[in-house]
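Not measured: the values here are computed from a predicted model.
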Amino acid sequence: MANNSFLKGGSVKALQIGEADMALINRFALEPLSKEEVYTFEVAACGNDIDRDFERIEDDALHAMADLFVGKTVVSDHWHSTKNQIARVYAAEVEDGGETSDGRPKKTLVLRCYMLANEANAPVIADIKAGIKREVSVCFSAASAVCSICGTDRRKTRGQCFHWPGRDYDGKVCHMALGEVRDCYELSFVAVPAQKDAGVRKDYFIDGDQTALEQSKSGNEEPSGSFFMAKRKRLAEALLTIKEED
């Protein structure tokens with residue numbers, strides 16, 4: 001997984017499809033599939049609301065993700081192995097509706113996915129139908145993480161932002177706006193979903209930040225933004241050495 005990747009999540013519901021959907025699905029099949037051969041589901045993957053880690057995805061980034069996610073694979077627990085491939089995204093769009101926690105028009109990235117309705121996938125399909133497998137997480141790469149308090153892009157600057165996500169500054173709670181999405185890697189079923197109703201595992205940081213290393217040695221009680229990101233980096237690298245435990 002790239003070191004500027006993020007995980008965000010949502011939920012799953014069953015989907016009834018028509019011939020238009022089958023035409024989209026068969027763009028990825030080497031031999032034409034019939035409706036009887038596939039099981040389809042729809043994913044409210046992620047949105048532009050502020051999440052539990054005090055981050056939000058920019059509206060333009062969501063639209064970019066809608067284009068990038070078409071054709072991407074669906075796996076289990078973000079474990080990148082062909083054995084864990086379950087399904088594939090065949091269509092995506094950004095839906096409007098509702099209001100975010102800070103009063104903006106709410107937008108949601110919706111992905112449509114298909115899998116083979118065969119014996120091997122029967123347990124997964126049964127879990128989806130029963131509502132057991134209903135939480136998902138998306139993995140994507142974002143080039144910017146802008147502080148809502150000072151406007152500093154913490155992906156591109158060193159030690160210039162001293163605000164902590166989730167902390168109150170003169171009545172405003174700090175959060176990071178994620179943008180400039182470069183790629184989308186996969187959609188995964190997880191035990192705990194991301195964003196408002198779930199845990200999130202991702203990182204934003206700057207490589208080779210010597211200021212962060214110096215501050216870590218000095219024992220400063222209030223580390224700078226760059227030090228905070230460097231700590232997140234080390235944690236992320238440790239997590240990525242083993243199977244992700246979502």
Checklist entry - Hey, any chance Val94 and Phe140 share a hydrophobic cluster, counting ILVMFWY side chains that come within less than 4.5 Å of each other, even indirectly? => result yes
Checklist entry - Taking all atoms of both residues into account, what is the closest heavy-atom pair of Thr108 and Ala44, and its distance? => result CG2-CB, 4.1 Å
Next on the checklist: Please report the interatomic distance OG(Ser101) to CD1(Ile50), rounded to the nearest 0.5 Å.
Outcome noted: 4.5 Å
Next on the checklist: Could you see if Phe28 belongs to whatever hydrophobic cluster contains Leu116? Use Ile, Leu, Val, Met, Phe, Trp, Tyr and a side-chain cutoff under 4.5 Å.
Outcome noted: yes
Checklist entry - What's the shortest heavy-atom distance between Cys147 and Cys174, and which atoms? => result SG-SG, 3.9 Å
Checklist entry - Stepwise, does the salt bridge (charged side-chain N to carboxylate O under 4.0 Å, His left out) test hold for Arg88 with Glu186? => result CA-CA 9 Å; Arg88 191 167 297 280; Glu186 37 85 353; over 6 Å; no
Checklist entry - Looking at side-chain heavy atoms only, is the closest gap between Ile125 and Met115 below 4.5 Å? => result yes
Checklist entry - If you take all heavy atoms of Ala120 and Pro123, which pair is closest and at what distance? => result O-CD, 3.5 Å
Item to check | Shared hydrophobic cluster for Val146 and Val181 (ILVMFWY, side-chain gaps under 4.5 Å) | outcome: no
Next on the checklist: Within the structure provided, determine whether Glu42 and Val110 are in side-chain contact (heavy-atom separation under 4.5 Å).
Outcome noted: yes
Checklist entry - Within the distance-only criterion (no hydrogens, no angle test), does the side chain of Ser188 pair as donor or acceptor with the backbone N or O of Ser137 below 3.5 angstrom? => result no
Checklist entry - Under 3.5 Å, is there a donor-acceptor pair between the side chain of Tyr185 and the main chain of Ser141? => result no
Item to check | Passing option when Tyr90 is tested against Val70, Leu24, Asn26, Leu111 for side-chain contact (heavy atoms from CB on, under 4.5 Å) | outcome: Leu24
Item to check | Contact check, side chains of Glu58 and Leu178, non-hydrogen atoms, under 4.5 Å | outcome: no
Next on the checklist: Any side-chain to backbone donor/acceptor pair from Asp168 onto Val173? Under 3.5 Å, distance only.
Outcome noted: no
Checklist entry - Side chains of Lys72 and Asp183: closer than 4.5 Å at any heavy-atom pair? => result yes
Next on the checklist: Please determine whether residues Val138 and Ile128 belong to a single hydrophobic cluster, defined as Ile, Leu, Val, Met, Phe, Trp and Tyr linked transitively by side-chain heavy-atom distances below 4.5 Å.
Outcome noted: yes
Next on the checklist: Would you compute the distance between atom CZ of Phe41 and atom OH of Tyr114 and round it to the nearest 0.5 angstrom?
Outcome noted: 11.0 Å
Checklist entry - Roughly how far, to the nearest 0.5 Å, is the CD1 atom of Ile57 from the CG atom of Asp49? => result 10.5 Å
Item to check | Atom pair CD1 (Ile149) and CG (Asp170), whose distance is rounded to the nearest 0.5 Å | outcome: 8.0 Å
Item to check | Side-chain (Ser148) to main-chain (His175) donor-acceptor, under 3.5 angstrom | outcome: yes
Item to check | Residues Asp127 and Lys129 bridged, charged N to O under 4.0 Å | outcome: no
Next on the checklist: Please check this pair: side chain of Glu37 against backbone of Ser34, looking for a donor-acceptor N/O pair closer than 3.5 Å.
Outcome noted: yes
Checklist entry - How long is the gap from OG1 on Thr100 to CZ on Arg56, to the nearest 0.5 Å? => result 8.0 Å
Next on the checklist: Could you check whether atom CG of Asp60 has more than 12 heavy atoms from other residues, nucleotides or ligands sitting under 6.0 Å from it?
Outcome noted: no
Next on the checklist: With a 4.0 Å cut-off on N to O distance, would you call Arg112 and Asp21 a salt bridge?
Outcome noted: yes
Checklist entry - What heavy-atom pair brings Arg155 and Ala143 nearest, and what distance separates the two atoms? => result CB-O, 3.1 Å
Checklist outcome for this item: dist Tyr169:OH -> Trp164:CH2 (nearest 0.5 Å) comes out at 8.5 Å
Checklist entry - With no hydrogens and no angle check, is any side-chain donor or acceptor of Asn118 less than 3.5 Å from a backbone partner on Asn121? => result yes
Checklist entry - Taking all non-hydrogen atoms of both residues, which atom of Ala66 and which atom of Ala92 are closest, and how far apart? => result O-CB, 3.3 Å
Item to check | Step-by-step side chain to side chain donor-acceptor pair (under 3.5 Å) determination, Gln85 to Thr73 | outcome: CA-CA 7 Å; Gln85 283 184 293; Thr73 191; 3.2 Å; yes
Checklist entry - Taking C-beta and beyond as the side chain, do Arg154 and Met176 meet within less than 4.5 Å on heavy atoms? => result yes
Checklist entry - Does the side chain of Lys35 reach to within under 4.5 Å of the side chain of Ile17, using non-hydrogen atoms? => result yes
Next on the checklist: With a 3.5 Å distance limit and no angle check, can you tell me whether Asn48 reaches the backbone of Lys107 through a side-chain donor-acceptor pair?
Outcome noted: yes
Checklist entry - Cys113 pairs by side-chain contact (heavy atoms from CB on, under 4.5 Å) with which of Thr40, Ile86, Leu187, Val136? => result Leu187
